[in-house]
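What follows is a short report on a single structure.
So that the names make sense, note that chain A is the first sequence line, chain B the second, and so on, each numbered from 1.
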Amino acid sequence: MANAKYFPFRQEADILIVMPTGPISNLSGQEVQSEWEQVVCYVRQRQCRHVLVDMEKVTFFGSVFLSELNALWKQGHQHGGRLALCQLTPLGDEIIRAAKFDALWEIYPTREDALKALAS
Amino acid sequence: MPKILIVDDSPLDRVLAGGLLEPDGQFVIHYAGNGNLALDKLQQEEIDLVVTDLVMPGMDGLELVATMRSRHPDIPVILMTSKGTEEIAVRALHAGAASYVPKRLLFQELAETVRRVLAVSSRRQVKARLLGCMTEQHCSFVLGNDVELIESLIAYLQDVAVQMELCEESEVTRIGVALEEALVNALYHGNLEVGSELRGEDDQAYYALVAKRRSEPPYRDRKIFVRANFTRQQATFVVRDEGPGFDPSKLPDPDDPSALERASGRGLLLMRAFMDEVSYDATGSEVTLVKRRKTATVPQPAENS
């Protein structure tokens with residue numbers, strides 16, 4: 001899925017790295033939704049153990065994307081998997097903390113930090 | 001007298017373009033040999049309009065237009081195009097250039113194009129001054145369950161907040177996030193009565209239910225009512241839906257650890273984080289969001305000069 005428009009992803013060892021390409025509005029259309037479904041499907045088929053979402057380009061997002069991430073976290077958590085986010089923008093960081101997900105998900109400043117932590 | 005900056009790496013073409021404008025005696029002409037030198041000149045002089053070549057060494061015309069869009073958004077740019085640069089010109093126009101003149105038609109068209117673009121720019125500046133005198137703005141909308149209109153409304157309300165100098169650009173996105181949450185609640189949970197339990201668990205079922213209810217009564221006939229009031233001190237947004245509402249006193253405690261994994265309630269947390277006040281009426285169908293200006297001093301309306 002390297003050529004995906006909204007959610008390109010690739011696997012490194014047993015970690016799925018998802019790299020959203022821009023902001024994710026609550027009002028995003030069907031096209032965005034179906035591409036996200038492909039990420040969920042990949043994780044559901046347990047082709048990887050952990051998920052890392054690189055948020056560098058996600059300047060903002062809302063509760064809908066938070067719900068999607070939370071569902072992904074729950075799904076992985078049941079099977080000993082972990083969900084991590086990295087490279088949050090300042091506003092992205094505020095959103096995660098306001099929604100209190102910083103208590104639930106792993107957050108790392110860089111992709112390298114996140115990959116190292118997930119591999120350990 | 002309007003100051004025009006001509007940007008071209010060819011000294012001959014620079015002088016030619018300047019020479020076409022100077023005889024009128026209506027403009028003061030400045031020159032620069034590429035985009036970087038043009039940006040330096042814009043720092044030194046109060047330039048009213050830029051006329052630029054497209055292909056230049058160093059910073060070219062396209063890059064200059066893009067940079068000016070962020071650093072000098074009020075200064076219009078006219079492109080001088082030559083054969084083979086049409087594609088770049090289209091990109092520059094998309095990037096914000098005001099107009100273009102083919103180099104082979106400079107003699108016939110340059111002066112007139114400069115006058116026309118300056119006239120439009122001047123009207124814009126007067127309008128900006130007028131909006132600077134506005135002390136209050138009130139608007140009301142009645143929307144169907146139309147996502148495109150909701151997106152457009154949010155952008156409009158963000159623009160007014162900037163016009164009223166209530167916040168800086170970085171804060172505008174926060175207002176947008178909070179408004180989006182309020183409007184999405186009104187649309188999906190209020191009017192269409194689709195709960196968030198399915199969201200993330202079974203998205204296909206969620207969206208199928210949304211699509212179904214969009215076309216069946218009573219859901220499809222419900223409206224979203226939005227009132228916004230802007231002053232120089234604060235913005236107040238009231239969003240109401242026609243759904244059955246809920247008991248606001250039963251909202252989950254956001255600090256309760258068991259609420260962490262629930263699907264619902266995140267939107268309200270974001271609204272509260274990015275607005276100064278958020279309150280529901282007793283029916284739960286109407287939410288009021290207040291955003292106050294951050295700095296202590298309230299800007300005075302611009303003088304009518």
Side-chain angles (χ1 to χ4, degrees), chain A residues 6-7 22-44 51 53 55 57-78 83 88-106, chain B residues 145-155 169-189 195-204 206-208 210-211 252-257 259-275:
Chain A
Y6 304 102
F7 301 107
I24 305 159
S25 157
N26 284 345
L27 302 160
S28 296
Q30 191 66 44
E31 202 186 348
V32 177
Q33 192 52 47
S34 20
E35 228 184 73
W36 178 255
E37 275 293 306
Q38 295 183 39
V39 177
V40 176
C41 242
Y42 194 91
V43 177
R44 198 170 285 154
V51 179
V53 186
M55 303 287 282
K57 292 181 180 159
V58 190
T59 46
F60 73 87
F61 50 95
S63 60
V64 171
F65 189 56
L66 287 170
S67 296
E68 300 291 358
L69 286 174
N70 198 35
L72 206 59
W73 172 79
K74 272 191 205 166
Q75 199 175 296
H77 195 60
Q78 287 163 0
L83 171 77
L88 281 162
T89 64
L91 180 57
D93 190 59
E94 265 185 76
I95 291 172
I96 295 286
R97 287 177 203 289
K100 300 184 187 294
F101 278 120
D102 54 320
L104 217 53
W105 304 335
E106 298 178 41
Chain B
N145 299 310
D146 182 334
V147 168
E148 272 188 358
L149 286 182
I150 290 175
E151 283 181 313
S152 182
L153 172 62
I154 293 168
E169 283 295 333
S170 59
E171 197 62 20
V172 173
T173 311
R174 290 178 177 80
I175 293 179
V177 169
L179 284 173
E180 197 178 273
E181 294 298 339
L183 287 158
V184 161
N185 273 340
L187 168 62
Y188 293 117
H189 306 325
S196 34
E197 303 75 32
L198 280 177
R199 177 86 82 178
E201 301 296 333
D202 187 348
D203 284 335
Q204 283 183 355
Y206 180 89
Y207 285 105
V210 166
D253 174 4
D255 293 321
D256 173 5
L260 265 181
E261 293 181 33
R262 270 187 224 138
S264 59
R266 304 291 166 193
L268 180 58
L269 287 178
L270 296 187
M271 282 191 261
R272 284 185 173 148
F274 296 144
M275 290 283 174

- Using a cut-off of under 4.5 Å for heavy-atom pairs, which of Arg174(B), Glu151(B), Glu180(B) has the most such pairs with chain A?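 Most heavy-atom pairs under 4.5 Å with chain A: Glu180(B).
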- Query: Would you say Asn185(B)'s side chain and Gly267(B)'s backbone share a donor-acceptor pair under 3.5 angstrom?
  - Reply: no
- Message: What part of Ser25(A) gets within 4.5 angstrom of chain B, counting heavy atoms only: side chain, backbone, both, or neither?
- Response: both
- Which region of Ile95(A), side chain (C-beta onward) or backbone (N, CA, C, O), has a non-hydrogen atom less than 4.5 Å from a non-hydrogen atom of chain B, or is it both or neither? both
- Test item: Glu68(A) and Trp36(A) side chains (from C-beta on) under 4.5 Å apart, heavy atoms: yes
- Note on the structure: Those residues at least two apart in sequence (or on a different chain) that pass ring pair (Phe, Tyr, Trp, His ring centres under 6.0 Å) with Tyr6(A) are none
- Item | Those residues that, when tested against Glu106(A), pass salt bridge (charged side-chain N to carboxylate O under 4.0 Å, His left out) (two or more places apart) |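 Glu106(A) satisfies salt bridge (charged side-chain N to carboxylate O under 4.0 Å, His left out) with Arg82(A) only.
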- Item | Engaged part of Leu268(B) at the chain A interface, taking heavy atoms whose separation is under 4.5 Å |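 Looking at Leu268(B), nothing touches chain A.
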